[in-house]
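Residue numbers begin at 1 in each chain, while the letters A, B, ... track the order of the sequences.
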Protein chains: 2
Amino acid sequence: MSIPNNPACQNCKDRFSSIFCKADHNNLEQIDAAKVCSAYKKGQVIFHEGAYPFGVFCINDGKIKLSHSGDDGREQIVRLVKAGDIMGYKALLSNERYTATATALEDSSICFIPKDLFLSILQKDASLSFEMMRILSSELRKAELKITHLAQKPVRERLAETLLFIRETYGLEEDGSTLNVRLSREEIANLVGTATESAIRLLSEFKKDGMIELDGKKIRLLDVPEIIRTANLHD
Amino acid sequence: MSIPNNPACQNCKDRFSSIFCKADHNNLEQIDAAKVCSAYKKGQVIFHEGAYPFGVFCINDGKIKLSHSGDDGREQIVRLVKAGDIMGYKALLSNERYTATATALEDSSICFIPKDLFLSILQKDASLSFEMMRILSSELRKAELKITHLAQKPVRERLAETLLFIRETYGLEEDGSTLNVRLSREEIANLVGTATESAIRLLSEFKKDGMIELDGKKIRLLDVPEIIRTANLHD
DNA sequence: GGGATACAATGACATGTATCAAGGCAAAAA
DNA sequence: TTTTTGCCTTGATACATGTCATTGTATCCC
């Protein structure tokens, strides 16, 4: 299933960028003592839509997708998660079941922090809870923007926007142009909110127009300014 | 512009349902002393997308829409606000400009709470900030569900869903079937995320099918179970 | 290696929805 | 009243996009 290995939070390479960077030192020690870190293989599910949350997950290393599954079974990816991010907090805070499924996009190392501890520290540590609010606000802002674009922009623009979003989230490889994640065409489509075939067709167009280069699941962004123009980003 | 009238928070009819129901009594007194309550006419803008926030707004009475304006000028309604709700907190917490415009759907009475006071109380009052997180989580959950539905459901289903959403938010009139708000066809379309003409056409269909009754801007829900079925709600 | 399986790509087609245009109706203004 | 204005409504049309079907192409496993 998953191999535990417990790196100390105090040495976590993301301790300065994650939500816990603002946390009190004592609290960080408590978290470190209680957390359990596990390894997940690519494709493995960390938690399932509909299940009850027992804590939050903090990504030590790897990449995760969070997705809803619609009535017809098609999935909609609602968030991409990277090292240093936490996930599963929404269900925990609103005391409801998970509304999304978390799946590893590559082999990942993920820490689990028990519910009670996380909530009690949130009660005590004002700067941590403030940081939590900042994260929630920012996610909400992104979600509302996505709603507007889904309602108003054609697929072509949304695909271009999605490529830029992936770059922002996961960055580029050493060559400075290849997106640093491998997604299937279907996953890209589920991120854009369109049919797989449409995503494929438009990616081919983008390639023909010299905006991108395709090599299997590798995507190189050749002409970012043109992609930005295609995305029609004035917002 | 707007006529100030300052009802005491301690007697506010929504003090038990709003976010402040969990707030400490001392803090509530502070808020009461600092807040400014104003009256807004229907159609009046409370704050504008792109402006900097100086505080949060708490609805004393009335109904408000929060909307993004897309690139082409078309608006997308992202939230409906009612008495007891607060708005403008997202921009405040993430320390950014407003991403939406707030417009009164009817004559409303709205209190303004200055930024510094709100933030400082949020720092001190753990249960208030916890309540704030609950609200944010819940809004985020709704937004993500909307994203999935926009991406996957046809307009017909989304319109049915929107009618149910309006009922949930603003409730019904005394007759037990008329939606307790007057929205233009354009506003309904901007809530659904479709063209005005499409919304009109589908409303006519719903009427023909006996699900609803239309009388100007009044909408009566005649057959709620059938509307639920049309909305295809299994989620 | 060679079959099997999953994924990618492309074409043909159907259709939901947006867009454009024109007319109707009702409330407000002159 | 008549005019004006703002919405609502309906029809005709075009187009983007989803769906279905087929072939090609890697990748995995026995």
Side-chain angles (χ1 to χ4, degrees), chain A residues 41-43 65 70-76 103 105-106 148-162 179 181-209 212-220 230-232, chain B residues 41-43 70-76 103 105-106 148-162 179 181-209 212-219 230-232:
Chain A
K41 304 296 285 182
K42 173 178 175 174
K65 66 173 174 184
D71 306 331
D72 50 354
R74 210 165 82 203
E75 75 166 2
Q76 174 66 36
T103 313
L105 290 169
E106 56 184 48
T148 305
H149 291 175
L150 268 171
Q152 303 190 348
K153 290 185 161 201
V155 177
R156 187 183 171 79
E157 295 183 19
R158 291 190 341 246
L159 176 60
E161 202 176 357
T162 299
L179 291 178
V181 66
R182 298 293 127 81
L183 297 171
S184 70
R185 300 294 192 260
E186 189 180 3
E187 285 170 325
I188 293 173
N190 293 341
L191 211 38
V192 174
T194 187
T196 308
E197 295 92 324
S198 300
I200 290 175
R201 260 183 266 270
L202 286 165
L203 280 174
S204 302
E205 278 189 34
F206 284 11
K207 178 183 169 185
K208 208 181 59 195
D209 297 348
I212 62 174
E213 197 174 273
L214 297 169
D215 175 17
K217 290 197 169 61
K218 276 193 216 171
I219 300 178
R220 291 191 59 199
T230 303
N232 218 335
Chain B
K41 303 296 282 181
K42 173 178 176 175
D71 306 331
D72 50 356
R74 209 165 82 202
E75 76 167 1
Q76 174 66 35
T103 313
L105 291 170
E106 55 184 49
T148 305
H149 290 175
L150 268 171
Q152 304 190 348
K153 290 186 162 199
V155 177
R156 185 182 172 81
E157 296 183 18
R158 300 204 317 261
L159 176 59
E161 202 176 356
T162 299
L179 291 179
V181 65
R182 297 292 176 284
L183 296 169
S184 71
R185 300 295 193 257
E186 190 181 3
E187 284 170 327
I188 293 173
N190 294 340
L191 210 39
V192 174
T194 187
T196 308
E197 295 93 326
S198 299
I200 289 174
R201 258 183 265 270
L202 287 166
L203 281 174
S204 303
E205 279 188 35
F206 284 10
K207 179 183 169 186
K208 208 181 56 195
D209 297 348
I212 62 173
E213 196 174 272
L214 297 169
D215 175 17
K217 289 196 170 63
K218 275 193 217 170
I219 300 178
T230 304
N232 217 335

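The CD atom of B:Glu205 sits 12 Å away from the C1' atom of C:dT17 (whole-angstrom rounding). Rounded to an integer number of Å, the gap from A:Leu214 CG to C:dA9 P is 7 Å. Whole-Å rounding puts the A:Asn190 CG to C:dC7 P distance at 12 Å. Rounded to an integer number of Å, the gap from B:Arg201 CZ to C:dC20 C1' is 11 Å. Computed from coordinates, the B:Lys207 NZ to D:dT9 P distance equals 8 Å when rounded to whole Å. Atom CZ of B:Arg185 and atom C1' of D:dC8 are 7 Å apart (whole Å). Remark: P of D:dC7 and CD of B:Glu187 are 9 Å apart, rounded to the nearest angstrom. Atom pair B:Arg156:CZ and C:dT17:C1' shows a separation of 14 Å (rounding to whole Å applied).
Using a 4.0 Å heavy-atom distance criterion, A:Thr196 is classed as making no nucleic acid contact. The residue A:Lys217 sits close only to the backbone: its heavy atoms come under 4.0 Å of sugar-phosphate atoms, none of a base.
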Practice task
Could you please spell out the steps behind the side chain to side chain contact (heavy atoms under 4.5 Å, CB included) verdict for B:Arg185 and B:Leu214?
Solution key: CA-CA 11 Å; B:Arg185 300 295 193 257; B:Leu214 297 169; 4.1 Å; yes
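Between the base of C:dC20 and the side chain of B:Glu197 there is a donor-acceptor pair shorter than 3.5 Å. Side-chain atoms of A:Glu186 stay outside donor-acceptor range of the base of C:dC7, with no qualifying N/O pair under 3.5 Å.
A donor-acceptor contact shorter than 3.5 Å links the side chain of A:Lys153 to the backbone of A:Ala231. B:Gln76 places no side-chain N or O within donor-acceptor distance of the main-chain N or O of A:Gln152, the cut-off being under 3.5 Å. Under the 3.5 Å distance criterion, the side-chain polar atoms of B:Arg158 are matched with a main-chain donor or acceptor of B:Gly193.
Comparing C:dA18, D:dC8, D:dT17 against the side chain of A:Pro154 picks out D:dT17 as the nearest.
Inter-residue side-chain proximity for B:Ile200 and B:Glu197 is flagged as unmet; no heavy-atom pair is nearer than 4.5 Å. In this structure the side chain of A:Asp215 never reaches within 4.5 angstrom of the side chain of A:Arg220, judged on heavy atoms.
Taking 4.0 angstrom as the limit, A:Ser184 places none of its side-chain polar atoms (N or O) nearer than this to OP1 or OP2 of C:dA6. Note on B:Ser198: every side-chain N or O is 4.0 Å or more away from OP1 and OP2 of C:dT17. Proximity of A:Arg74 to the phosphate of D:dT19: a side-chain N or O atom is located under 4.0 Å from OP1 or OP2. At least one side-chain nitrogen or oxygen of B:Ser204 sits closer than 4.0 Å to the OP1 or OP2 atom of D:dT10.
Where A:Ala151 and A:Ile200 meet DNA chain C, the nucleotide closest to each residue was compared, and A:Ile200 sits on the side nearer the 5' end.
The side chain to side chain contact (heavy atoms under 4.5 Å, CB included) test with A:Arg182 is passed by exactly one of A:Lys217, A:Glu187, A:Glu106: A:Lys217. A side chain to side chain contact (heavy atoms under 4.5 Å, CB included) with A:Leu159 holds for exactly one of A:Thr230, A:Thr194, A:Val192; it is A:Val192.
In DNA chain D, consecutive stretches of 3 or more Watson-Crick or G-U wobble pairs with both distances under 3.5 Å are given as paired ranges: C:3-22 with D:9-28, C:24-30 with D:1-7.
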